[in-house]
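Values below: every heavy atom of this structure, side chains too, minus hydrogens, waters and symmetry copies.
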Amino acid sequence: MNYFSTRDTERKIAKTSAEAIKQGIAEDGGLFMPESIPALDEKEIKDLIELSYNERAAHILSKFLSDYSYDELLSFANAAYSEDKFQGGATDISALGDTHRVLELWHGPTCAFKDMALQIMPRLLSAALVKTGEKRLSYILVATSGDTGKAALEGYKDVDGIKIQVFYPEDGVSDMQKLQMASQAGENVNVTAIKGNFDDAQNGVKKIFSDRAVAEMLDKNGIFLSSANSINWGRLVPQIVYYVSAYCDLVKEGDIKYGDIIDITVPTGNFGNIFAAYIAKLMGLPFGKLICASNCNNILTDFINTGVYDRNREFFTTISPSMDILISSNLERLLYLIAGPERCAKYMKSLACDGRYEVEEDVIAKIKESFTADYCSEENTAITIKETFEKYSYLIDTHTACALYASINAEKKNADEGRNVKILTASTASPYKFAADVLRSLGKEPDSASFEVIFELSKLTETEIPAPLAALRDAKVRFTESVGNSSEDMLSAALSFVGVKA
């Protein structure tokens, strides 16, 4: 299985999966995509139903990562999704009434769905360094809107041959997310706040990646850049697994019959998580509509409804900060699959120059065959948290609330159209990562200092605080640096950490 850049119009530069994972982003600024999407036939899916999550992961990953052996991938999955990291198992599905199912993806060490990829990705990268004969230090740069940063730091801490630098928006993450990152252990990690939003952080990292002078400077010092964001295929491909696995679990539990169609709702800002569900659908899973749920920064909703992507709009800081994004990087991969590399490259050039692009009618029509979109206001986010807890005694975070709101709307639309399908909603973070806003949504203003709010929420709802978050009570803050939001400011911080002088 070869990989090509989404902007390689002639498919001239082929990479192995190990090379794509090591490199992270293509030389032309595009994202790596496999030359084809492998299929899962009916027998394979039925066989997967009887397997463990780790065995399912190894089978699916082996379809994409052909220069890794099945046994190698199984050993990575066994280590990544072990009981000490994912207590009670990697994923769980909860039922809310007859229609709604919630796929809980936050039972890992940082209590966010990013753990599902970022516990196995470091193993994929470490193996890639060996497979490609790489002797230089791998320097990972990460821009985060909150959860990716901590999950990447936790996954890569003290991994030999790798250093990691995380940038996050100073006022764009929750108190818990900030504490998680600022107190991260590990000798090879560094965390820096920027005075800007996530798009500033992401743009800065991309500019550093695309600067050949920087690459040459680092190379002379025995260092090369890589990424742990979902722009890296090694981060995105493990996410395909849990959508396939969720369908298998629903069949195994007798909740649906094999072949039954389900819709899937995903809260998304960068489009990676929902794109993984789309890949699973292309592989042969009987998924119906993929419902893209946004918050007030509803650029994806507007795009899917109109075909116009325009980031020239007001940016909102919301109570669902991981979705506060106006440049959805992984949308490029969808456009590549549907419009082809030539048109995809044209769209990305227009986005870089004008901050907008408009796709042709055939492209948006094809997108609408699989995707619908909805968005949730701040008020409706709070209402959904409150009503879900009152009706089902089920506590959700602010991002999951946006998705569940969209799922409820989709259920009503399905009823009008005579469609009777179950809707699987991706739950992407523990409510305790956003405890103050969840508490306010339940009608109680926090009394405590920022960290102690989790105990108020636990007492009010009689729910258990995840152990990794409770343990932060005595955590020591290690990282307090803050820089400007320009790529120059970020580059200076990045070079300083690895001891390279510009």
Are more than 12 heavy atoms from other residues, nucleotides or ligands located less than 6.0 Å from atom [atom1] of [X]?
| X | atom1 | answer |
| --- | --- | --- |
| D160 | CG | no |
| K368 | NZ | yes |
| K131 | NZ | yes |
| E35 | CD | yes |
| E342 | CD | no |

Strictly below 4.0 Å, N to O, side chains only: are [X] and [Y] in salt-bridge contact?
| X | Y | value |
| --- | --- | --- |
| R56 | D249 | yes |
| K366 | E369 | yes |
| K433 | D147 | yes |
| E154 | K85 | no |
| D28 | K12 | no |

Could you tell me how the ring of [X] sits relative to the ring of [Y]: parallel (under 30°), tilted (30 to 60°) or perpendicular (over 60°)?
| X | Y | value |
| --- | --- | --- |
| Y357 | Y347 | parallel |
| Y278 | F371 | tilted |
| F287 | Y243 | perpendicular |

Discussion item. Testing L74, I240, I120 one by one against L61 for a side-chain contact (heavy atoms from CB on, under 4.5 Å), which residue passes?
Written reply: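 Passing option: I120.
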Item to complete: Please name the residue in the list N197, N295, V173 that meets the side-chain contact (heavy atoms from CB on, under 4.5 Å) test with D324.
Response: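 Single side-chain contact (heavy atoms from CB on, under 4.5 Å) partner of D324 among N197, N295, V173: N295.
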Quick one about [Y] and [X] (side-chain donor to acceptor, distance below 3.5 Å, no hydrogens or angles considered), yes or no?
| X | Y | answer |
| --- | --- | --- |
| T144 | K114 | no |
| N232 | R235 | no |
| Q180 | T110 | no |
| K22 | S226 | no |

Can you name the nearest heavy-atom pair linking [X] to [Y], along with the distance?
| X | Y | result |
| --- | --- | --- |
| M348 | L335 | CE-CD1, 3.9 Å |
| R11 | F4 | O-CE2, 3.4 Å |
| L31 | E332 | N-OE2, 4.1 Å |

Practice prompt. Would you verify whether the NZ or CZ of K15 falls within 45 degrees of the ring axis of F32 while also being under 6.0 Å from that six-membered ring's centre?
Written response: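 Relative to the ring axis of F32, which defines the angle, K15 lies outside at least one limit.
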Discussion item. Is the positively charged end of K150 above the ring of Y168, judged by distance under 6.0 angstrom from the centroid and angle within 45° of the axis?
Written reply: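 No.
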Item to complete: Mind running side chain to side chain contact (heavy atoms under 4.5 Å, CB included) on Y156 and L118 for me, showing each step along the way?
Response: CA-CA 8 Å; Y156 282 101; L118 283 165; 4.2 Å; yes
Fill in: Interatomic spacing from CE in M323 to CG in N270 - rounded to 0.5 Å
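So the CE of M323 and the CG of N270 are separated by 11.5 Å.
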